[in-house]
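Structure record follows, encoded as structure tokens.
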Amino acid sequence: MTSNEATPPPGESTVPQALGSARAGEAPITGAAGAAHPGRPAARVTSRDVARAAGVSQAAVSLVLGDKWRGRVSPGKADAVRAAARELGYRPNLAARSLRMGRTRTVLLVVPALTTEFFARVYTGAARVAAEHGFGVVLYPSPEGIGPARNPFDSAAATLDGVIASSMAAEALTALREADLPLVMLDSDPADDRADATVNLDIADGVRQLTGHLSALGHRRITHLAADVRSWTFELRARAVADSLHGVPGALLRRQPATLGVDAGLHAAHAALTGPGPRPTALLCDDDIIAAGACKAVRRLGLRVPEDVSVTGFDDLALAVAVEPELTTVRLPAEEFGEAGMRALMTVLDGRPANAPTLPVELVTRGSTAPPVDAPGNAARPGGQ
């Protein structure tokens, strides 16, 4: 390929434009493209400048910076284009490109309210991949944290190219689905045909790892502090807990609902530890926040974690190592989750079928779990009951 094209590609202008707030009579700010003439704004760096500096055609520049160069431009020339773009401070005219391609290059990420860092990390991963493709990400948390959310746009089809959404905020998508936008669901039922692709974490395997850890330690009286949220991911956790313990001899599984919060975890754990029947030796919590509340409840009852009651979490938030003892939990790769969701959406936008990956999760054992106390008084109630 050569660099002798005389005209810029459609939608890109070489008309000089001001950088910064330069006006007539003021010295404009210039970039690496060259010095400005007094009283005139500096010329904007174009793909033509990048092509000339890299020794390639403008078509090659478009392919490389649009990440469509493989098999069409050599790796050496692709490196030269990227280096020239960095050196010159070139920024593609995304507005012109969007008009040319019929896209706004904007993706909506719909998540529950950002009450933990998990979805912030999902956003970080998604935004990183979007930026590599020249897209921006609008983050829209459901106002109530879970359940229905208002449509954030009057005309979604005119302002968005696609949507990524968590199952915990799935009902926010009614108006967006009516707009027939490409949709990728996160942590959602793969059988739901409303989505163009579904990206999941292996939540069921994480639950199996937790229950296997507790049963291997000798725990048989286990109470599941289950998130009181209507969501596919939490329904899956409940089924996985029951299925995993079904074949364990002598296992006694109880379920205590809890909303997502430290205080809710405290109250749910208190009810589980002081209710009728033998006291559980382990509390299996649907997330780390509930588990933090459970640890507080154990201590307030004069018991110890893990000597009297083992406690497990889920997610591996920063909170998991802020409590004492540190939580045994399941680590979820949040940033990789966001990256996978955005890659799936980019594939759909390119008109290709997207893979539906399930990302592996990892059990992290820490100080909040230990073998149950083997003593006759272990089933006694706090307060002498």
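Both Val184 and Leu359 belong to a common hydrophobic cluster when Ile, Leu, Val, Met, Phe, Trp and Tyr are linked at side-chain heavy-atom distances under 4.5 angstrom. If you chain together hydrophobic residues whose side chains sit under 4.5 Å apart, Val321 and Leu327 never meet in one group. Residues Phe135 and Leu139 share a hydrophobic cluster, clusters being chains of Ile/Leu/Val/Met/Phe/Trp/Tyr side chains in contact below 4.5 Å. Residue Leu225 is not grouped with residue Leu266 when hydrophobic side chains (ILVMFWY) are merged at heavy-atom distances under 4.5 angstrom, including chains of intermediate members.
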Which pairs of donor and acceptor atoms, one on a side chain in residues 207-219, lie under 3.5 Å apart (sequence neighbours left out)?
{"residue": "Gln209", "atom": "OE1", "partner": "Leu363", "partner atom": "N", "Å": "3.1"}
{"residue": "Gln209", "atom": "NE2", "partner": "Asp205", "partner atom": "OD2", "Å": "2.8"}
{"residue": "Thr211", "atom": "OG1", "partner": "Val207", "partner atom": "O", "Å": "3.1"}
{"residue": "Thr211", "atom": "OG1", "partner": "Arg208", "partner atom": "O", "Å": "3.1"}
{"residue": "His213", "atom": "NE2", "partner": "Thr369", "partner atom": "OG1", "Å": "2.9"}
{"residue": "Ser215", "atom": "OG", "partner": "Thr211", "partner atom": "O", "Å": "3.0"}
{"residue": "Ser215", "atom": "OG", "partner": "Gly212", "partner atom": "O", "Å": "3.2"}
{"residue": "His219", "atom": "ND1", "partner": "Thr281", "partner atom": "O", "Å": "3.4"}
{"residue": "His219", "atom": "ND1", "partner": "Thr281", "partner atom": "OG1", "Å": "2.7"}
{"residue": "His219", "atom": "NE2", "partner": "Ser310", "partner atom": "OG", "Å": "3.2"}
{"residue": "His219", "atom": "NE2", "partner": "Ala370", "partner atom": "O", "Å": "2.7"}

Please output the side-chain donor-acceptor pairs of residues 339-349 that fall under 3.5 Å, not counting sequence neighbours, one pair per line with the distance.
{"residue": "Glu339", "atom": "OE2", "partner": "Arg128", "partner atom": "NE", "Å": "3.1"}
{"residue": "Glu339", "atom": "OE2", "partner": "Arg128", "partner atom": "NH2", "Å": "2.7"}
{"residue": "Thr347", "atom": "OG1", "partner": "Arg343", "partner atom": "O", "Å": "2.9"}

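The side-chain heavy atoms of Pro333 and Leu201, taken from C-beta on, include a pair separated by under 4.5 Å. Taking 4.5 Å as the limit, every side-chain heavy atom of Ser231 sits out of range of all side-chain heavy atoms of Arg237. Between Pro325 and Val305, some side-chain heavy-atom pair lies under the 4.5 Å cut-off. Taking 4.5 Å as the limit, every side-chain heavy atom of Val330 sits out of range of all side-chain heavy atoms of Thr312. Using a 4.5 Å heavy-atom threshold, the side chains of Asp189 and Thr198 count as separate. Residues Tyr90 and Asp49 are not in side-chain contact: their nearest non-hydrogen atoms beyond the backbone lie 4.5 Å or more apart. Contact of the Phe337 side chain with the Val122 side chain is registered, since non-hydrogen atoms from C-beta on lie closer than 4.5 Å. Side chains of Phe118 and Leu332 form a contact here, defined as non-hydrogen atoms less than 4.5 Å apart.
Rounding to the nearest 0.5 angstrom, the gap separating the CZ atom in Arg220 from the CG atom in Leu245 is 9.0 Å. To the nearest 0.5 angstrom, Asp315 atom CG is 12.0 Å from Arg331 atom CZ. From Asp228, atom CG reaches atom CD of Gln256 across 10.0 Å, with rounding to the nearest 0.5 Å. Here the CG-CG distance, from Leu283 to Leu273, works out to 5.0 Å after rounding to the nearest 0.5 Å. Taking CZ from Arg239 and CG from Leu236, the interatomic distance works out to 5.5 Å, rounded to the nearest 0.5 Å. Note that CD1 of Ile203 and CG of Asp187 are 5.0 Å apart. Values are rounded to the nearest 0.5 Å.
In terms of modelled atom types and a separation under 3.5 Å, the side chain of Ser166 and the main chain of Val111 share no donor-acceptor contact. With hydrogens and angles ignored, the 3.5 Å screen pairs no side-chain donor or acceptor of Arg221 with any backbone N or O of Leu252. At distances below 3.5 Å, not a single donor-acceptor pair connects side-chain atoms of Asn355 with backbone N or O atoms of Pro357.
Residues Pro257 and Ala268 approach most closely at O-CB, 3.7 Å, considering heavy atoms. For the residue pair Val137 and Ala127, the shortest heavy atom distance occurs at CG2-CA, 3.9 Å. Scanning both residues, Ala238 and His224, for their nearest heavy atoms gives CA-CE1, 3.8 Å. In plain terms, the two heavy atoms of Asn200 and Ser188 that are nearest each other are OD1-N, 2.7 Å. For the residue pair Ala294 and Val311, the shortest heavy atom distance occurs at CB-CG1, 4.2 Å. Heavy-atom minimum distance, Phe314 versus Asp286: CB-O, 3.2 Å.
Evaluated for a side-chain contact (heavy atoms from CB on, under 4.5 Å) with Val262, the options Ile290, Asp288, Ile289 yield exactly one hit, Ile289.
For the pair Arg366 and Asp316, the salt-bridge criterion is met [side-chain N within less than 4.0 Å of a carboxylate O].
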